[in-house]
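First up is the structure itself, then whatever we jot down about it.
Just the heavy atoms: all of them, side chains too, but no hydrogens, waters or symmetry mates, feed the values below. Predicted, not measured: the structure shown is a model, and the values here were computed from it.
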Amino acid sequence: MAASCSEAVNEHTTLSAALKLLTPGAEAEDFDHVVSAARLVCNTSSRSLKVAQRNQTRLSLKCSATKDCPFVVNASRTEDGVHVSKRAASVNLTHTCKADGRQRNYNSRELLRDFAVARDFIPSRARASGGNTKQFQAMMAAKGVGVGTHQAHNIITGKKRDTTAYQIGSYRILESVIEQLQKTDPSGVYVVETDRDEAETPAQFRRLFILPSCSRQFWSQEGTRHVAAIDGTHAGCPSIPTIWLLMVAKDANNQLALLAWAVVQSETKDSWEWFLNLVRSYLPTPPNGTAALISDGDKGLLSAVQSCLSEEEWSHTRCFLHLFNNIKEATSERIKKKDEGDFFNVARARTTKQFDRALDKVASKYPHAAAALQKNSAAFSTAAQLQRSVPVPRYGDMTSNLAEQFNSKIRAHRTLPIADAIKGMLQDTARQFVLNKKKAEGWEKEGMALTPHGQELFKRLLSFAKSYRVTVTQVEPDVVRADVQRGNVGAVYDVTVRANAHSSSCPCLYQGEMGMSCVHTLAVVLHVIKHGN
């Protein structure tokens, strides 16, 4: 074995043979073969090698660039021959130093054989001309390998051809994959629709819908924040264009949770109606009967929501960030960066008085933008949601960013063939729910009344409450009523606190929006504790 590895390094100088010779515990004919293999590895990544120590029994090789570079190869000579050290710390082929700029040229076959990054590269739907080619060249240049434009283009074309064949094969087994998933998860919902012209012809994929049982169980729990965001995103496969439709929520610890998703051919009103009808049919109704839904309202989504979802079950609001950007483009007024927070204060306002005050502040600088906000207030306003016959809290979420954040989170899955992507998404979703359940059980054992996110929010409110002035106006055995004001300025809030703080009332409506006591209620509680009542 030692001879075969050494001959491969000397005669063919392949990187794979060199790496094989430099594995911990490998045998070599003499020290020269170890040096040749290590020099080849360094040259491949545009680095140089130095011999730190060499005598009759020991050999130590290091990177000549910097002392801090961890590259090291140690070998020793015994009666049995030359052996590369078996200790993990004695063999490290990773460089952290800067490459010296030299580039080695490889033919395509050697490049795909010797470099894992080249083999694993997946072409994407490049927006700019030659985007995949330039990305591949830059990636290989970072490894010290020069790849010409023509060579990179041929490699990308071959990868696209192989990827297309694999993707098509994945769609052909999709029906059997969905059938198996339905048997494995009988409480989940797995729907795949295909078009078949004749009985003998292969089925053509049309659309797919998935709602796992763990998501249904999560949504039916009473402590869940029943706010969901929906959005569409392109799949990563460049040869078979598809759209992923996602519905994402947040748990009580403010972590993203995937509810349902679909794969369709295009983002149209028909696709969204099909998706939303399945969501309405199979997603459990929240305990309070109504949930909040946030979307950007584009590409037929707004009309699909209006036709498929009833206001009694789903309270739909527009993403304020998208709406704000539309207003900025439509108006002739140049909105300064420092004033954008005033616009978001309009959306955050929980009462009509707060809304009017925030809108007046915007109108003083940008009257046309304020008029547009006033016209579309029902589409985004927190105050409008809390003034419904059944208030629908959004827990501070005013945008569809949680769905867009999840888009980036699953980017690796979206580039895979459809069957592999589905399995990966389901595994990640189930794993996340299991981990969250274990965390919740641990918090319960520790006696925590709130999640870590809730505790941080509560502590912040508690520190703010200490700066409020409380004037008690009524005291009864189980009820305290007081006027609360921050210092000597600001609005005065008439707060009533009962023995159970969750039954308190405050005109700021913070508890109705966030599901926990407001700063004014906490100020009254601290006042009662301080005075021993």
Just to verify, what does [X] make a salt bridge (charged side-chain N to carboxylate O under 4.0 Å, His left out) with, not counting sequence neighbours?
X: Asp494; answer: Arg481
X: Lys361; answer: Asp342
X: Lys375; answer: none

With a 6.0 Å cut-off (strictly less than), is the heavy-atom count around [atom1] of [X], excluding the residue itself, greater than 12?
X: Gln474; atom1: CD; result: yes
X: Tyr282; atom1: OH; result: no
X: Gln221; atom1: CD; result: yes

Test item: side-chain donor near acceptor, [X] and [Y], under 3.5 Å:
X: His316; Y: Ser295; result: yes
X: Ser504; Y: Arg498; result: no
X: Gln385; Y: Ser315; result: yes
X: Ser187; Y: Arg216; result: no

In the structure I gave you, are the side-chain heavy atoms of [X] and [Y] within less than 4.5 Å of one another anywhere?
X: Thr242; Y: Val264; value: no
X: Val528; Y: Val470; value: no
X: Gln485; Y: Tyr493; value: no
X: Val492; Y: Val484; value: no
X: Asp483; Y: Thr473; value: yes
X: Val524; Y: Val480; value: yes
X: Trp219; Y: Thr285; value: no
X: Leu245; Y: Ile243; value: yes

Are the charged groups of [X] and [Y] less than 4.0 angstrom apart, N to O?
X: Lys336; Y: Asp339; answer: no
X: Glu513; Y: Arg350; answer: no
X: Lys328; Y: Glu340; answer: yes
X: Asp397; Y: Lys250; answer: yes
X: Arg225; Y: Asp251; answer: no
X: Arg207; Y: Asp270; answer: yes

(message) The test is side chain to side chain contact (heavy atoms under 4.5 Å, CB included); show your working for Val279 and Leu211 and say whether it passes.
(response) CA-CA 8 Å; Val279 167; Leu211 175 61; over 6 Å; no
State, to 0.1 Å, how close [X] and [Y] come at their nearest heavy-atom pair, and which atoms those are.
X: Pro70; Y: Thr94; value: CG-O, 3.5 Å
X: Ser307; Y: Ala304; value: OG-O, 3.1 Å
X: Met514; Y: Leu457; value: CE-CD2, 4.1 Å
X: Gly454; Y: Met516; value: O-CE, 3.9 Å
X: Glu333; Y: Ala369; value: OE1-N, 3.1 Å
X: Ile230; Y: Met247; value: CG2-CE, 3.5 Å

Ignoring hydrogens and angles, tell me if any N or O in the side chain of [X] forms a donor-acceptor pair with the backbone of [Y] under 3.5 Å.
X: Thr521; Y: Ser517; value: no
X: Thr429; Y: Met425; value: yes
X: Thr496; Y: Ser505; value: no
X: Ser213; Y: Asp185; value: no
X: Gln265; Y: Phe205; value: yes
X: His226; Y: Thr224; value: yes
X: Thr451; Y: Ala252; value: yes
X: Ser281; Y: Asn277; value: yes
X: Ser381; Y: Ala378; value: no
X: His527; Y: Ala523; value: no

(request) Could you list the residues that satisfy ring-ring contact (aromatic ring centres under 6.0 Å, His included) with Phe433, not counting sequence neighbours? (result) Phe218
(request) Go through the structure and list residues passing ring-ring contact (aromatic ring centres under 6.0 Å, His included) with Phe355, not counting sequence neighbours. (result) none
At what distance, to the nearest 0.5 angstrom, does [atom1] of [X] lie from [atom2] of [Y]?
X: His322; Y: Asp231; atom1: NE2; atom2: CG; value: 6.5 Å
X: Phe464; Y: Lys459; atom1: CZ; atom2: NZ; value: 14.5 Å
X: Phe380; Y: Arg318; atom1: CZ; atom2: CZ; value: 10.5 Å
X: Ile178; Y: Thr194; atom1: CD1; atom2: OG1; value: 11.5 Å
X: Met398; Y: Cys319; atom1: CE; atom2: SG; value: 9.5 Å
X: Ser303; Y: Lys269; atom1: OG; atom2: NZ; value: 4.5 Å

(message) With ring pair (Phe, Tyr, Trp, His ring centres under 6.0 Å) as the rule and sequence neighbours excluded, what pairs involving residues 326-353 come up?
(response) Phe320-Phe344, Phe324-Phe343, Phe324-Phe344, Phe343-Tyr366
(message) Could you walk me through whether Phe71 and Leu93 satisfy the side chain to side chain contact (heavy atoms under 4.5 Å, CB included) test, starting with their C-alpha distance in whole Å, then the side-chain angles of each, then the deciding distance to 0.1 Å, before giving a yes or no?
(response) CA-CA 5 Å; Phe71 182 92; Leu93 304 183; 3.8 Å; yes
(request) List the steps, then state whether side chain to side chain contact (heavy atoms under 4.5 Å, CB included) holds for Leu302 with Gln306. (result) CA-CA 6 Å; Leu302 188 59; Gln306 294 172 351; 3.9 Å; yes
(request) Would you mind telling me which of Trp244, Phe209, Trp261 makes a ring-ring contact (aromatic ring centres under 6.0 Å, His included) with Phe275? (result) Phe209
(request) Please test Trp274 against Leu278 for side chain to side chain contact (heavy atoms under 4.5 Å, CB included), starting from the C-alpha separation and ending with a verdict. (result) CA-CA 6 Å; Trp274 177 77; Leu278 289 171; 3.6 Å; yes
